[in-house]
Amino acid sequence: MEKIKMKTPIVEMDGDEMTRVLWKIIKDELICPYIDLKSEYYDLGLANRNATNDQVTIDSANANKKYGVAVKCATITPNAARMTEYDLKEMWKSPNGTIRAILDGTVFRAPITVKGIEPYVRTWKKPITIARHAYGDVYKNVEIDVPGPGKAELVFTGEDGEELRETVFDFKGPGVLQGMHNIDKSIASFARSCFNYALDTKQDLWFATKDTISKKYDHTFKDIFQEIFDAEYKERFGKAGIVYFYTLIDDAVARVMKSEGGFIWACKNYDGDVMSDMISSAFGSLAMMTSVLVSPDGKYEYEAAHGTVQRHYYKYLKGEETSTNSVATIFAWTGALRKRGELDGIQELTQFSDRLEKAVIQTIESGKMTKDLALITTLPDVTVLNSEDFIKAVRATYDALSYM
Ligand code: NAP
Ligand code: MG
């Protein structure tokens with residue numbers, strides 16, 4: 001069969017450890033046999049980030065801006081142990097943080113649902129996508145350990161010297177104090193990324209804050225979302241048959257639990273941090289979560305939500321058999337190729353992505369899966385496959401689907 005041709009390259013960001021091993025097998029078995037792959041390759045493996053003083057990460061993010069679509073492998077965020085392990089010149093920053101800052105993007109995480117891996121919440125029939133605002137609030141706070149009695153004040157000094165002042169609390173004894181901020185521009189980018197992604201995926205968008213208690217801070221989030229929605233998106237949402245829905249965060253949590261799923265839940269930074277862990281474990285497995293970074297001007301970076309699966313990599317290095325789940329990484333590839341196909345009007349590329357995802361799901365539903373899923377599945381007859389054999393099984397399913 002002739003390979004599918006591409007017009008514009010996708011940006012390929014290679015990564016570390018076990019996911020780097022899977023990356024190569026996925027390309028060899030599932031992508032390159034079918035697609036005349038055009039990609040601009042960046043090696044974000046820690047050794048190369050160190051060799052280039054992390055310039056490669058910045059270059060890859062700029063390429064993402066230029067071409068619009070990237071697929072990223074999981075990467076190590078260095079800590080003290082990695083400094084010695086990789087003999088690093090510096091404790092390089094998290095690549096995801098660097099890329100997110102350059103694209104000014106929002107991360108959307110969605111579970112891949114299959115029969116046999118059942119959500120712990122009985123009512124959930126469709127995936128719930130979490131959108132997390134990735135700037136500010138408690139993650140950029142300043143704190144004071146209050147030693148004893150005294151007055152705490154919040155002071156803003158304008159460039160013109162004008163002061164705004166509020167008493168936070170008159171302390172009679174020791175306590176704690178915290179200052180947080182956010183920026184209208186960042187909230188607006190977050191809102192636009194969410195509205196665009198809702199239109200893109202034809203799902204309702206929910207947003208929630210605690211605006212009844214936080215009448216300025218949280219209320220600003222609510223207002224910015226509403227203003228942008230009314231001015232730029234209301235009509236398009238109407239045409240697409242989807243809704244934007246705002247409610248209080250506690251009401252949202254209660255509704256999510258009783259919902260069927262199938263919507264995007266936009267969360268402030270802290271809510272998104274906490275709720276995305278709840279959603280991914282309630283859907284069954286971190287290895288089945290996809291993640292896409294979407295910028296307000298429509299640039300996309302697809303990846304798996306999990307890390308580099310270090311423990312499996314060390315087994316692999318010792319020559320032991322591994323059974324690492326490649327599903328989220330395969331879906332990162334199909335996500336990127338589908339988006340490339342949509343943007344360039346290449347139907348074969350979107351069809352390929354749909355069919356490969358279908359092949360992954362059918363393979364698992366037929367009982368062939370990696371160990372992590374075998375441990376939690378409700379399917380009766382299961383064959384546990386190793387890392388490579390699972391990918392080969394997906395290829396066989398894909399080929400069978402192609403001849404149907
Ligand atoms: P991890 O790679 O997500 O793995 C944690 C554990 O979860 C694994 O040991 C494994 O459990 C299970 N797991 C995760 N993904 C799996 C998969 N695909 N198949 C099977 N099991 C899977 O997290 P980590 O080990 O804490 O972090 C390793 C490195 O990843 C760190 O250096 C961190 O900086 C990096 N990281 C990168 C990203 C990113 O690039 N987006 C995100 C998170 C972490 P068992 O061992 O019980 O089998
Ligand atoms: Mg968290």
Side-chain angles (χ1 to χ4, degrees), residues 12-23 25-26 42-50 54 56-57 60-61 64 70-86 88 91-101 103 105 107-112 114 117 130 132 134 273 276-277 280-281 283-293 301-318 320-333 335 360 364 369-377 384-391 394:
E12 181 183 346
M13 304 167 173
D14 207 346
D16 289 299
E17 299 193 311
M18 200 60 210
T19 42
R20 188 180 179 102
V21 175
L22 298 177
W23 195 259
I25 309 173
I26 290 169
Y42 292 87
D43 182 3
L44 266 55
L46 187 50
N48 193 46
R49 276 183 276 149
N50 191 52
D54 210 23
V56 66
T57 307
S60 73
N64 197 166
V71 56
K72 181 180 170 291
C73 179
T75 46
I76 293 168
T77 298
N79 55 15
R82 302 296 197 169
M83 293 293 288
T84 28
E85 185 183 354
Y86 284 83
L88 300 180
M91 205 185 280
W92 307 110
K93 279 190 255 173
S94 146
N96 288 48
T98 303
I99 297 164
R100 199 157 55 216
L103 291 185
V107 174
F108 296 83
R109 277 181 162 204
I112 299 153
V114 295
I117 310 297
I130 293 255
R132 174 182 171 189
D273 182 355
S276 66
D277 285 348
S280 62
S281 29
F283 268 104
S285 167
L286 186 61
M288 297 291 280
M289 287 292 278
T290 58
S291 177
V292 53
L293 175 72
E301 182 241 295
Y302 292 85
E303 65 174 327
H306 59 77
T308 60
V309 211
Q310 182 181 17
R311 203 181 64 82
H312 295 208
Y313 182 60
Y314 290 158
K315 279 177 71 179
Y316 165 86
L317 286 181
K318 280 192 262 172
E320 291 171 29
E321 187 167 75
T322 59
S323 181
T324 313
N325 189 332
S326 50
V327 171
T329 307
I330 297 171
F331 272 62
W333 275 95
V360 169
I364 299 170
M369 60 190 78
T370 45
K371 192 174 158 196
D372 57 307
L373 296 185
L375 290 171
I376 57 172
T377 187
V384 179
L385 297 177
N386 67 35
S387 306
E388 188 164 359
D389 286 350
F390 176 74
I391 293 171
V394 170

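Just follow the structure's listing: the first ligand is 1, and inside any ligand the first atom is 1.
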Please indicate, with yes or no, if any protein heavy atom is found under 4.0 Å from atom 26 (O) of ligand 1?
no
Scan side-chain atoms only and decide if Asn386 and Glu321 contain a donor-acceptor pair under the 3.5 Å cut-off.
yes
Taking only non-hydrogen atoms of Ala74 and a 4.0 Å limit, the atoms of ligand 1 in range are 40 (O)
Which atoms of ligand 1 sit under 4.0 Å from any heavy atom of Ala287?
16 (C), 17 (C), 18 (N), 19 (N)
Taking the basic N atoms (NZ, or NE/NH1/NH2) and the acidic carboxylate oxygens, is any pair closer than 4.0 Å for Asp16 and Arg82?
no
Using a 3.5 Å cut-off on N or O atoms only, is Thr324 in polar contact with ligand 1?
no
Can you find a protein heavy atom closer to atom 44 (C) of ligand 1 than 4.0 Å?
yes
Just jot down the ligand 1 atoms closer than 4.0 angstrom to any heavy atom of Thr77, in number order.
32 (O), 34 (O)
Nearest protein heavy atom to atom 21 (N) of ligand 1: under 4.0 Å?
yes
Pick one of side chain, backbone, both or neither for how Lys72 approaches ligand 1, counting any non-hydrogen atom pair under 4.0 Å.
side chain
With a 4.0 Å cut-off, strictly under, does atom 38 (C) of ligand 1 pick up any protein heavy atom?
yes
Ile364 side, atom CD1; Thr370 side, atom OG1 - distance, nearest 0.5 Å
7.0 Å
Does any N/O atom on Asp372 come nearer than 3.5 Å to any N/O atom on ligand 1?
no
Are any of the protein's heavy atoms under 4.0 angstrom from atom 3 (O) of ligand 1, yes or no?
yes
Please classify the Arg311 to ligand 1 contact at 4.0 Å (heavy-atom distances, strictly less than): side chain, backbone, both or neither.
side chain
Partner residues of Asn50 under the side chain to side chain donor-acceptor pair (under 3.5 Å) criterion, sequence neighbours left out
Trp92
Which residues share a side chain to side chain donor-acceptor pair (under 3.5 Å) with Asn48, sequence neighbours left out:
none
Give a yes-or-no answer on whether the side chains of Asn96 and Ser94 include a donor-acceptor pair shorter than 3.5 Å.
no
Side chain to side chain contact (heavy atoms under 4.5 Å, CB included) partner of Pro78, the single match among Lys93, Glu85, Arg49
Arg49
Are any of the N/O atoms in Gly307 less than 3.5 Å from those in ligand 1?
yes
With heavy atoms and a 4.0 Å threshold, my read on which part of Asn96 contacts ligand 1 is side chain
Give yes or no for whether the N/O distance cutoff of 3.5 Å, strictly under, is met between Cys73 and ligand 1.
no
Ligand-residue contact atoms, ligand 1 with Arg82, heavy atoms, under 4.0 Å
29 (C), 31 (C), 32 (O)
Hey, is Lys371 touching ligand 1 through its side chain, its backbone, both or neither, going by heavy atoms under 4.0 Å?
neither
Measure the CD-OG distance between Glu12 and Ser60 for me, rounded to the nearest 0.5 Å.
11.5 Å
What is the closest protein heavy atom to atom 40 (O) of ligand 1, and at what distance does it sit?
Thr75 N, 2.9 Å
